[in-house]
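Inspection log for the structure reproduced underneath, given as structure tokens.
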Amino acid sequence: MPEYREVRKHHSLVEICKKPSLAAEVTITAAEHLGVDAAIIFADLLLPLEVMGMPFHFSASEGPVIEKPIRTAEDINVLTTDGAPELRYVSEAIAECVRHFGNKLPMIGFCGAPFTLASYMIEGGGSRNYIEVKKMMYRQPAVWDELLRKLNVILAAYVADQVKAGADVIQVFDSWVGCLSVEDYRQYVLPRTKELITALRKTGVPIIYFGTDSSTLLASMNETEADVIGLDWRIPLDAGWKLMDNRPAVQGNLDPVLLFAEWNEVKQRAKAILDLADNRPGHIFNLGHGILPHTPVENVKNLAKFVQEYSAQRRSAATGR
């Protein structure tokens with residue numbers, strides 16, 4: 001969005017995150033301009049790493065970079081877990097948004113899942129094969145588990161602050177979990193992920209759990225007992241829901257790249273997803289992953305409006321009103 005690009009001319013991504021007034025400004029501007037049904041706070045998944053003792057920076061060509069990745073048990077032993085209060089700038093931004101929206105718009109807070117954050121910490125940034133992560137899982141399972149345990153401690157406190165500030169829902173992003181086999185997910189990741197989601201549910205707000213490229217993991221992800229499971233675009237909405245016995249609500253699942261298509265194509269694909277949901281309670285329409293840079297803003301606005309209007313039409317037809 002032009003409004004966001006204007007802010008970025010003067011501030012880095014991390015600077016925006018750490019200044020509650022700026023984070024609230026870009027959150028509010030996007031939600032109101034696009035006409036969506038909820039706002040998600042402007043923050044970054046990696047913020048908790050810094051207060052654990054792992055500084056990072058963003059490279060224009062590589063994304064986030066951690067200069068000293070974790071390799072040993074000692075690297076994990078020195079990580080601290082009492083730094084959640086240092087992340088209060090996120091909850092302060094949420095509080096500003098809540099004051100602005102009042103009861104007009106729900107507020108979504110979020111955090112990274114332990115597997116995805118641990119992957120960044122071990123790989124030092126993005127990865128294609130996650131070799132270092134899997135080496136630790138396979139060769140040092142107790143060390144790996146201790147890293148996830150420490151992450152859960154700080155994430156639980158971090159999210160609790162977001163809810164106290166007014167977040168109505170929390171989304172847990174497991175962006176990299178699709179690199180795992182079902183066996184590895186169940187053995188090395190599911191227990192700690194379930195532990196985190198159980199802790200987050202104690203805040204009293206619904207929890208959304210999302211992983212990309214995770215179609216093969218859906219049945220296992222359902223065991224976390226998250227209230228909502230996010231689906232990416234690689235599986236039809238009804239098929240993904242069926243894999244989870246239609247238990248949780250689901251979120252998804254338009255391919256974000258489709259927003260670069262002509263509007264009529266976007267509209268037809270969105271309609272198809274809503275038709276697959278078939279008016280069943282518990283579907284949150286969303287993209288199947290994050291929105292991409294340079295996405296045509298008008299397509300996003302038109303999509304939000306179409307989903308609202310077509311959903312209303314389907315409800316009216318179903319109730320005979």
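When only modelled atom types and interatomic distance are considered, Arg247 and Asn222 share a side-chain donor-acceptor pair under 3.5 Å. Side chains of Tyr310 and Asp275: a donor-acceptor N/O pair is present below 3.5 angstrom, by distance only. Glu25 and His100 form no side-chain donor-acceptor contact under 3.5 Å, judged by distance and modelled atom types alone. Using a 3.5 Å distance cut-off with no hydrogens or angles, the side chains of Tyr188 and Asp145 do not pair a donor with an acceptor.
Taking 4.5 Å as the limit, every side-chain heavy atom of Arg139 sits out of range of all side-chain heavy atoms of Trp144. Taking the side chain as every heavy atom from C-beta outward, Asp44 and Cys17 approach each other to under 4.5 Å. You'll find the side chain of Val228 stays beyond 4.5 Å of the side chain of Ile207, heavy atoms only. Side-chain atoms of Thr198 and Glu225, non-hydrogen and from C-beta on, never get closer than 4.5 Å to each other.
Under the 4.0 Å criterion applied to side-chain N and carboxylate O atoms, Glu15 and Lys19 are not assigned as salt-bridge partners. For the pair Asp278 and Arg314, the salt-bridge criterion is met [side-chain N within less than 4.0 Å of a carboxylate O]. Between Arg186 and Glu223 there is a salt bridge, since at least one side-chain N of the basic residue sits less than 4.0 Å from a carboxylate O of the acidic one. We find that Arg71 and Glu132 are joined by a salt bridge, their nearest charged nitrogen and carboxylate oxygen being less than 4.0 Å apart. Lys18 has a carboxylate O that lies under 4.0 Å from a charged side-chain N of Glu50, or vice versa, which qualifies the two as a salt bridge.
Thr27 and Ala39 make their closest contact through CG2-CB, 4.0 Å (heavy atoms, listed as atom of the first residue, atom of the second, distance).
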**Request:** Please step through side chain to side chain donor-acceptor pair (under 3.5 Å) for the pair Arg234 and Ser215, ending with a clear verdict.
**Result:** CA-CA 7 Å; Arg234 297 174 178 90; Ser215 300; over 6 Å; no
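Using a distance-only test at 3.5 Å, with no hydrogens or angles considered, no donor-acceptor pair links the side chain of Ser311 to the main chain of Gln308.
The aromatic rings of Phe173 and Phe110 lie perpendicular to each other, with more than 60° between the two planes, well past the 30° mark.
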